[in-house]
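A note on names: the letters A, B, ... follow the listed sequences, proteins ahead of strands, and every chain is numbered from 1.
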2 protein chains.
Amino acid sequence: MSTLIWNLLITGSNELINREQNTYHHKDLRSALIEAAIGLLPASGASGLSLREVAKAAGVSHTAPYRHFKDKSALLAAIAQTGFERLSDAITTVVAAHDNDPQQQLVEAGSAYVTLGLQNPDMMHLMFGGVLDPDTLSEEFCNTSMKSFAGLVHIIEAGQKAGIFKADPPESIAITAWSMVHGLMMLIAAGHLRDMATLPEQAEQLSRIIGHNLLTGILK
Amino acid sequence: MSTLIWNLLITGSNELINREQNTYHHKDLRSALIEAAIGLLPASGASGLSLREVAKAAGVSHTAPYRHFKDKSALLAAIAQTGFERLSDAITTVVAAHDNDPQQQLVEAGSAYVTLGLQNPDMMHLMFGGVLDPDTLSEEFCNTSMKSFAGLVHIIEAGQKAGIFKADPPESIAITAWSMVHGLMMLIAAGHLRDMATLPEQAEQLSRIIGHNLLTGILK
DNA sequence: ACCTGAACACCGTTCAAGT
DNA sequence: ACCTGAACACCGTTCAAGT
């Protein structure tokens, strides 16, 4: 049968085909692949994921992913994008829970950043570990990233208006805060602080300590 | 010829063989492989390095590396080890250049950490990006890492004795400082701050800003 | 302590052809 | 919008055998 007629046929009655024969597994294979990949991440690692493995986990042939992603790195980018959105959402929730208290917002958001990151270290390595080519990062990806950063800057500005934070450029302060929690999270995730932070509680404790140091400085 | 006799022969007159026939390329293939790998790092990326590629660049067969490394990840670990030593050495030099001034030592060491890291972002991703299994990290590796951290703690303690830094546990302060510079470096290396830090001078500038914020805090 | 060469299972990617 | 199946070049790893 010609491809054209076939396409008309299946796009017209997707559900029917899904019920009658077991050929088309997913309404949204794209999401299913991303989900399967996230499930495989802990076992394979960010740099050990294989397209064929992901396809098999999603129950499709190893060529099927190419219908939704240009190549493997496009799939990886989509996974990282999902991770970034989840991180962003979680922090937004935490921030909303401490309304009108910029100082607490900052500390709690930082703590959430570290805690959530350490729940998915492989996701963090995918998002921040240089697996993805910075030049190839999708526009969507950058938007999510910039939106998160803008939220952080907004907290700083609110704190400055309330007379809590000093009057330096808010972007500078935001980068300082982000660098700190990001560095702590990455160091623990990569196993470089195993002596002092193996358990989640220890990581949480450390994130509060560095949060305090950020606020008050380390000078006497 | 039997392997035993052959081994006796070549171990007894390595240089002769090297001159007479072009078969044994390296006195120290292990180092040559690491060096070749470091050279390939910028082109291949931390997770794109292939053993065969490295062997070819070193001018040996693709099975030769197995004489010196158990497997690919052992080679990667050795590369990371080299990177860690270089980073450690560079910081030791900077610290030595500002003797008896713990505050400046801290700021300059941080700046050097960021600057040097950004000169080899792929090396940083290999060292800190989760490419290596934390459990597999060699003892040597951990020793270098711990030695560096001990040096940082020592600076903090000196500053506390001099009455410059506050009297918190020096390990807490050390982790705070390390997290900050590490986070900044990793964020820039992964391309997440391209708006504010593409040039090395901007990175250097940022590292000084966060250093200042670390010292004085962000509260008013 | 290296070499060649073959072999194995796996990988990303690209086809042609089918439903 | 999926499928199978074959193909390609590449990969990590393991051999056997040679120098």
Side-chain angles (χ1 to χ4, degrees), chain A residues 1-33 37 40 44-45 47-77 131 133, chain B residues 1-33 37 40 44-45 47-77 131 133:
Chain A
M1 197 184 304
S2 95
T3 298
L4 178 64
I5 298 181
W6 178 257
N7 279 343
L8 288 173
L9 205 161
I10 62 162
T11 50
S13 59
N14 246 335
E15 292 193 40
L16 252 174
I17 288 177
N18 260 326
R19 269 185 220 124
E20 285 174 2
Q21 55 188 70
N22 211 4
T23 314
Y24 298 99
H25 307 259
H26 300 99
K27 282 292 176 60
D28 188 2
L29 181 62
R30 196 190 132 91
S31 305
L33 286 167
L40 289 172
S44 314
S47 42
L49 254 195
S50 92
L51 242 189
R52 292 168 108 110
E53 204 179 15
V54 173
K56 186 190 282 184
V60 296
S61 81
H62 67 275
T63 57
Y66 287 92
R67 296 284 137 191
H68 296 274
F69 302 100
K70 187 186 145 271
D71 53 20
K72 186 189 176 182
S73 70
L75 169 61
L76 292 179
V131 184
D133 179 12
Chain B
M1 197 185 302
S2 94
T3 298
L4 179 63
I5 298 182
W6 179 257
N7 279 343
L8 289 173
L9 206 161
I10 62 162
T11 49
S13 59
N14 245 335
E15 292 193 41
L16 252 175
I17 289 177
N18 261 326
R19 272 187 217 122
E20 284 173 4
Q21 55 189 70
N22 211 5
T23 314
Y24 299 98
H25 306 260
H26 300 99
K27 282 293 174 62
D28 188 1
L29 180 63
R30 198 190 131 91
S31 305
L33 286 167
L40 289 173
S44 314
S47 42
L49 252 196
S50 93
L51 243 188
R52 293 168 107 109
E53 205 179 15
V54 172
K56 186 189 283 184
V60 296
S61 81
H62 68 274
T63 57
Y66 287 92
R67 297 284 137 191
H68 295 274
F69 303 100
K70 189 186 143 271
D71 54 19
K72 186 189 176 183
S73 71
L75 170 60
L76 293 179
V131 183
D133 179 13

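- The stretch residues 69-77 of chain B has no heavy atom under 4.0 Å from DNA chain C, so no residue of it qualifies as close.
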Atom pairs and distances, donor-acceptor, side-chain atoms in residues 47-56 of chain B, under 3.5 Å, two or more places apart:
residue	atom	partner	partner atom	Å
Ser50(B)	OG	Glu53(B)	N	3.0
Glu53(B)	OE1	Ser50(B)	N	3.3
Glu53(B)	OE2	Ser44(B)	OG	3.4

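- You'll find the side chain of Leu29(B) stays beyond 4.5 Å of the side chain of Arg67(B), heavy atoms only.
- Residues passing the side chain to side chain contact (heavy atoms under 4.5 Å, CB included) test with Ser61(B), sequence neighbours excluded: Thr63(B), Ala64(B).
- Interatomic distance, CZ of Phe69(B) versus CG of Leu76(B), reported as 9.5 Å (0.5 Å rounding).
- Under 4.0 angstrom from either OP1 or OP2 of dC10(D) there lies no side-chain N or O belonging to His62(B).
- When base pairs are accepted only as Watson-Crick or G-U wobble with both N-N or N-O distances under 3.5 Å, DNA chain C takes part in stems of 3 or more pairs at C:4-8 with D:12-16, C:12-16 with D:4-8.
- Of the residues in residues 49-56 of chain B, those placing a heavy atom less than 4.0 Å from an atom of DNA chain D are Leu49(B), Ser50(B), Leu51(B), Arg52(B), in numerical order.
- Both Thr63(A) and Arg67(A) sit near DNA chain C, but only Thr63(A) has its closest nucleotide nearer the 5' end.
- Between Tyr66(B) and dT13(D) there is a side-chain N or O to OP1 or OP2 distance below 4.0 Å.
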